[in-house]
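These notes are about the structure you will find just below.
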Amino acid sequence: MNNDWMNDPALAEIDKAKLEFLQALVFESRTLKKEQMLPFLMAVAKRGQAEHITFSNEEIEAIAATIKNYSSAEEAAAIDKMMRMRKK
């Protein structure tokens, strides 16, 4: 996935720094194995706190929906699964 999703009008109200943070995470995590994901996500959370990056529920929903529009069917299914897990 390229970064075209970041320029989608649906995300116009979200700070570009937040979107760039997410884009960097996507690229950094692509080569990780399953067992590397938890330490990576913990480091990401710490980095987000250090940079004072937080997302409202509305921003998360808008970002997920927009990224799905730019994703393959397999990626969209993974996003749906992640969003369902988030709501539990």
Side-chain angles (χ1 to χ4, degrees):
M1 176 179 19
N2 59 35
N3 65 353
D4 290 344
W5 66 271
M6 292 173 48
N7 299 314
D8 192 289
L11 304 179
E13 299 298 316
I14 299 176
D15 185 349
K16 286 288 185 194
K18 290 181 178 184
L19 299 177
E20 289 168 1
F21 179 79
L22 287 176
Q23 184 68 15
L25 297 180
V26 169
F27 283 112
E28 290 174 26
S29 67
R30 281 190 170 172
T31 60
L32 296 178
K33 295 181 172 130
K34 194 181 271 189
E35 61 272 4
Q36 296 172 306
M37 286 303 291
L38 183 58
F40 172 75
L41 292 173
M42 292 175 73
V44 165
K46 187 174 184 177
R47 190 166 82 195
Q49 287 177 337
E51 296 178 21
H52 304 289
I53 295 177
T54 59
F55 296 90
S56 68
N57 285 333
E58 294 79 16
E59 288 174 326
I60 292 169
E61 295 287 334
I63 290 167
T66 301
I67 290 175
K68 280 178 55 177
N69 291 334
Y70 293 84
S71 300
S72 68
E74 182 178 295
E75 292 167 330
I79 291 168
D80 286 339
K81 181 178 179 181
M82 180 183 64
M83 294 302 287
R84 282 191 306 273
M85 289 173 54
R86 181 180 167 275
K87 291 179 180 180
K88 288 185 180 182

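All values below were derived from every heavy atom in this structure, side-chain atoms included, with hydrogens, water molecules and symmetry-related copies excluded. Along the sequence shown, residues carry numbers from 1.
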Check: Can you find a heavy atom in the side chain of Asn7 that is under 4.5 Å from one in the side chain of Lys16?
Finding: yes
Item checked: Minimum side-chain heavy-atom gap Ile63-Lys18 below 4.5 Å -> no
Notebook entry, point to check: Take atom CD in Glu13; do more than 12 heavy atoms of anything else shown fall under 6.0 Å from it?
Noted result: no
Notebook entry, point to check: Could you state the interatomic distance from CD (Gln23) to CD (Glu28), rounded to the nearest 0.5 Å?
Noted result: 10.5 Å
Check: Tell me, do Lys68 and Asp80 make a side-chain contact under 4.5 Å, heavy atoms counted?
Finding: yes
Margin query: What's the separation between atom CG in Leu11 and atom CD1 in Ile67, rounded to the nearest 0.5 Å?
Written below: 7.5 Å
Checklist line | Separation of Leu19 CG from Ile53 CD1 (nearest 0.5 Å) | finding: 10.0 Å
Next item on the list: Could you pull out all residues at least two apart from Lys87 that satisfy salt bridge (charged side-chain N to carboxylate O under 4.0 Å, His left out)?
Entry: Glu61
Notebook entry, point to check: Is any side-chain heavy atom of Met83 less than 4.5 Å from a side-chain heavy atom of Ile60?
Noted result: yes
Next item on the list: Identify, with sequence neighbours excluded, every residue that meets salt bridge (charged side-chain N to carboxylate O under 4.0 Å, His left out) alongside Glu51.
Entry: none
Notebook entry, point to check: Could you state the interatomic distance from NZ (Lys34) to CD (Gln36), rounded to the nearest 0.5 Å?
Noted result: 13.0 Å
Note to self: If you define the side chain from C-beta out and look only at heavy atoms, does anything of Trp5 sit under 4.5 Å from Leu22?
What the structure shows: yes
